Amino acid sequence: MKRQLVWMGAALFGLCLQTGCDGNDVTPENNEVIEEIILKVSGESKEETRVNFMYDGGTQTMSTTWSSGDAFKLYSTEGVYKFQLKTGEEGKQIGSFSLVNAVQGSPKRWNNCRTFFPASKAIAASSWEQCEFTIAGQQQTGNDNTAHLTEYGFMTLKDAPYTIGTGGNPINFQHEAAVFRIEATLPAGETPKELTLKTACESAGGKDYGFVLSKKASDGSILEISDRVSLKLDGFTNNNFVAYLTVLPSLLKDELALDICTDKKVYNITSDPLVDYIIEAGKVYKLALGAKTPTPLSDVSFTDETVAASSFAGIGIESDPYQVNSAATLKKLVEDVAAGNAYAGAYFELTTDLYINPTAWTPIGIDLTNSFSGHFDGKGHTITGKLVNGSTYQGYFGFFGAVTNGSVSNLSMAAPIELSSTKTTTAYLGGVVGYASSSSILNCSNVYAVKSDFLGSAYVGGIVGYARSTPIDGCKNYGGVNAIAKYTDASNFIYLGGIAGENYASLLHRNKNKSTDIQVTGTEGVLLVGGLVGNKLSAVFSCNECLGALTSWFGDRYQSTHICNMGHLF
C-alpha cells in the first residue's frame, strides 16, 4: 500500500517501523503445543498501520507491511500473552500472529484487552498500567538505514476495553511515536558519529513543551521531558547522510538546533523558528534544513587532537565557580587531578555540552591517590561521544573515575562507556562515577550502555560502580549495564546494578532505573545483579523506581535468566 506525502512546513507521512521479539516469555509448565491460536492484525490507515519503513525520495511515497520477528503483548482479564508474526506473513498489510507457547487450555477469547507493540519494549511489564514508551538510547547503523526503528515503533490498542477472539475482524493498532528524517551534508572528509536535536524545554504551568522522552501507555501522562533527543551513528562513510530519529508526540517551540558530531568536531545547523508546533504520532517529519550549511562549534570536542589545556574562568568558590566551558578547560581538569590536585572544596560548573571521543579517555580522578574532591555541577548539560580506556589500564572508570569528599550533580551522560582490560585487579566502573566515597551524586542521568570486559573482579553501575557513604539522589539510568565474567578464580566477584554496583552506608533516594538490560555473562565467582543495586550493603532506601519485581531490585546469586523486570516504588 502506498501513502502520498502531505506537506505542512515539514514533510509528513505515515510512520513505518520494524521490530524484533524479546524471547523472554515464561513457558507454562505444561508446554505441549496443542494447537495454533491465531489473531489477525491490520495496517489499513495512516494512524492504524504497521509499516515497513521504505522511504522513496523520488515518488515521495511509502509502503506498509509487517516484518519478520514482529511481536506484541496482549494484556487482558485472562492474563498477559505474547503473539508473534507467523512465518510466511512477512510483507502483508494484514498479518497473522500466533500465540507463543500456546498449550491446552489457552484462551481463544480475551476480555478487557489492551495491546503493546513491540513486545521487546514490554518485556518487563506485568500489567498494562506498567507499560511505558521510552525513546532514550537510540542508535542507527549505516546510512539511510531504518532497522534501528524496530525498538521504538510503539503501537497500542487502548482506546476502549476490547474483547478479542480468534476468527474475528483484524485488530487495528494505533501509532504512539513519530519519526524525524534528517538529511544533511558535512564538509568533505567528515563523517557523522552522533546527532543531537535540541529545542526549548519547559515543564510547568500545565503546558509542557520540548521533547517527550517517556510517558505512560495507559493514560499518556508524561514521565520525562527534555530539551534534546540523541542518536548514535555507526558505519557512516560519507559526508552526506540520512538519519532517522524516533520521537514521541511533543509540543515544540522556538527553533530546532541540530548538533552533528564527527571524529574531531561538532557542527551545528539551526532550523527556522517554530511556534507551538505539534509532533503527531504516526507521521514522519522531514527536518527542513534546506541549503543550510553546518557551522563548526569551537572548543567543544575532546579528541586526540584537543588543543592544550587552558585556564578556568572563575575563582572556584560557590558564588564564582571554575567554568568548564570548552574541551581545553576539561583537559586542564583531567590533567590537574591526575597530577595530584584534588581541588578539595573547589566548585566547578559545566557551561556547555561537550563531545568526548579520544582513543583512550582519562577520567577525572584516576585512582584513590589522585581523586577529585571538588564539587562539579553539570548545570543540565550533556556529555556525548564515547568513553573507552583503549590500551590504557584504568581501574577507576567513568566520566569521573574516583571522587572522594566531593560531589557531582546535574550531569547528563549520553556516551557509551566501555572498560576492557586483561588486568586481574578490581575495577570500578560507572556511567557517571566509577568510585565515590564520602561524596554525593545528585540529579545525574545515563542514557547509553555501560560495559565491563575484565579479567578481575568489578563493581559496575549505571550511575556509580561503588558508593561508600555517598548518597545517590534523583538519578536515572536508561542504558544497559553489562559485564563479562572472564576470570576462573571462584573467589572473584562482579557486583552489578542499574544504579550502583554496590552501596555501602549510602542512601538511595528518588532514583529510577528504566533499563531491563542489566546482566552478567558468566558463571564463575560471586555474581550479584540487581535492577537498582548489585550488592546492597545499606538498608536506607526511599522513593526509588525500578523495572522489576521488588525481589529483583537487589543482587542475588546470578542465574542465566536473571533480568530486571517491571517494578514499583520503594
Side-chain angles (χ1 to χ4, degrees), residues 201 227 297-302 306-356 361-384 387 396-415 430-446 463-464 466-476 505-507 509-511:
C201 173
D227 65 346
L297 300 177
S298 60
D299 298 331
V300 298
S301 182
F302 191 111
T306 297
V307 295
S310 65
S311 300
F312 305 114
I315 60 175
I317 63 176
E318 189 170 8
S319 59
D320 189 12
Y322 293 130
Q323 294 185 10
V324 179
N325 56 14
S326 64
T329 49
L330 175 62
K331 186 172 185 179
K332 175 174 174 58
L333 178 58
V334 168
E335 291 181 346
D336 285 357
V337 177
N341 183 355
Y343 283 103
Y347 287 82
F348 291 80
E349 67 176 19
L350 183 63
T351 64
T352 185
D353 298 338
L354 292 176
Y355 176 66
I356 299 176
W361 165 246
T362 300
I364 303 169
I366 57 174
D367 53 34
L368 297 186
T369 302
N370 302 281
S371 65
F372 176 73
S373 298
H375 305 285
F376 188 95
D377 187 347
K379 292 293 182 181
H381 290 291
T382 301
I383 303 297
T384 58
L387 278 59
Y396 299 79
F397 201 68
F399 182 65
F400 289 86
V403 178
T404 58
N405 300 299
S407 66
V408 181
S409 61
N410 306 311
L411 180 65
S412 176
M413 294 298 301
V432 180
V433 181
Y435 179 105
S437 176
S438 300
S439 300
S440 63
I441 304 173
L442 309 174
N443 300 320
C444 294
S445 65
N446 175 61
I463 299 298
V464 57
Y466 176 87
R468 182 184 182 93
S469 301
T470 297
I472 307 166
D473 189 351
C475 295
K476 301 174 185 176
S506 299
L507 166 70
H509 180 53
R510 301 182 304 169
N511 301 291

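All residue numbers in this chain count up from 1 along the given sequence. Note that the coordinates shown come from a computational prediction; the quantities given were computed from them, not determined experimentally.
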Neighbour count >12 (heavy atoms, 6.0 Å) for atom CD, Glu318:
no
As a quick check of understanding, evaluate side-chain contact (heavy atoms from CB on, under 4.5 Å) for Ile356 and Leu330, giving each step before the final call.
CA-CA 10 Å; Ile356 299 176; Leu330 175 62; 3.9 Å; yes
Parallel, tilted or perpendicular: which fits the ring planes of Tyr435 and Tyr466, with parallel below 30° and perpendicular above 60°?
parallel
Please confirm whether the backbone N or O of Thr404 pairs with a side-chain atom of Ser373, one donor and one acceptor, at under 3.5 Å?
yes
So which atom in Ala467 and which in Ile472 form the shortest heavy-atom distance, rounded to 0.1 Å?
CB-CD1, 4.0 Å
At their closest point, which heavy atom of Gly398 faces which heavy atom of Pro363, and how far apart are they?
O-CB, 3.3 Å
Check the angle between the aromatic planes of Phe348 and Tyr322 and answer parallel, tilted or perpendicular using the 30° and 60° thresholds.
tilted
When you look at Val324 and Phe312, which way does the side-chain contact (heavy atoms from CB on, under 4.5 Å) test go after all the steps?
CA-CA 7 Å; Val324 179; Phe312 305 114; 4.3 Å; yes
Treating Ser506 as the side-chain partner and Thr470 as the backbone partner, does any N or O pair qualify as donor plus acceptor under 3.5 Å?
yes
Find out whether Leu350 and Phe376 are in side-chain contact, i.e. whether some heavy atom of one side chain is under 4.5 Å from a heavy atom of the other.
yes
Kindly determine whether Asn410 and Lys379 satisfy side-chain contact (heavy atoms from CB on, under 4.5 Å), including the steps that lead there.
CA-CA 5 Å; Asn410 306 311; Lys379 292 293 182 181; 5.7 Å; no
Kindly compute the distance separating CZ (Phe372) from CD1 (Ile366), expressed to the nearest 0.5 Å.
14.5 Å
Can you check side-chain contact (heavy atoms from CB on, under 4.5 Å) on Tyr343 and Val337, steps first, answer last?
CA-CA 7 Å; Tyr343 283 103; Val337 177; 4.1 Å; yes
Non-hydrogen atoms of Ser439 and Pro471 that approach each other most closely
O-CD, 3.1 Å
Where is the tightest heavy-atom contact between His381 and Leu411, given as atom of each residue plus distance?
O-CD1, 3.9 Å
Smallest separation among heavy atoms of His375 and Ser407, with atom names:
ND1-OG, 2.8 Å
Do you see a donor-acceptor pair shorter than 3.5 Å between the side chains of Ser310 and Thr329?
no
What heavy-atom pair brings Asn511 and Cys475 nearest, and what distance separates the two atoms?
OD1-N, 2.9 Å
To the nearest 0.5 Å, tell me how far Asn370 CG sits from Asp336 CG.
11.5 Å
Measure the CG-SG distance between Asp473 and Cys444 for me, rounded to the nearest 0.5 Å.
10.5 Å
Can you tell me how far apart CZ (Phe399) and CD1 (Ile364) are? Round to the nearest 0.5 Å.
4.0 Å
Just verifying a value: how many Å separate Asn446 CG and Lys476 NZ, rounded to the nearest 0.5 Å?
13.0 Å
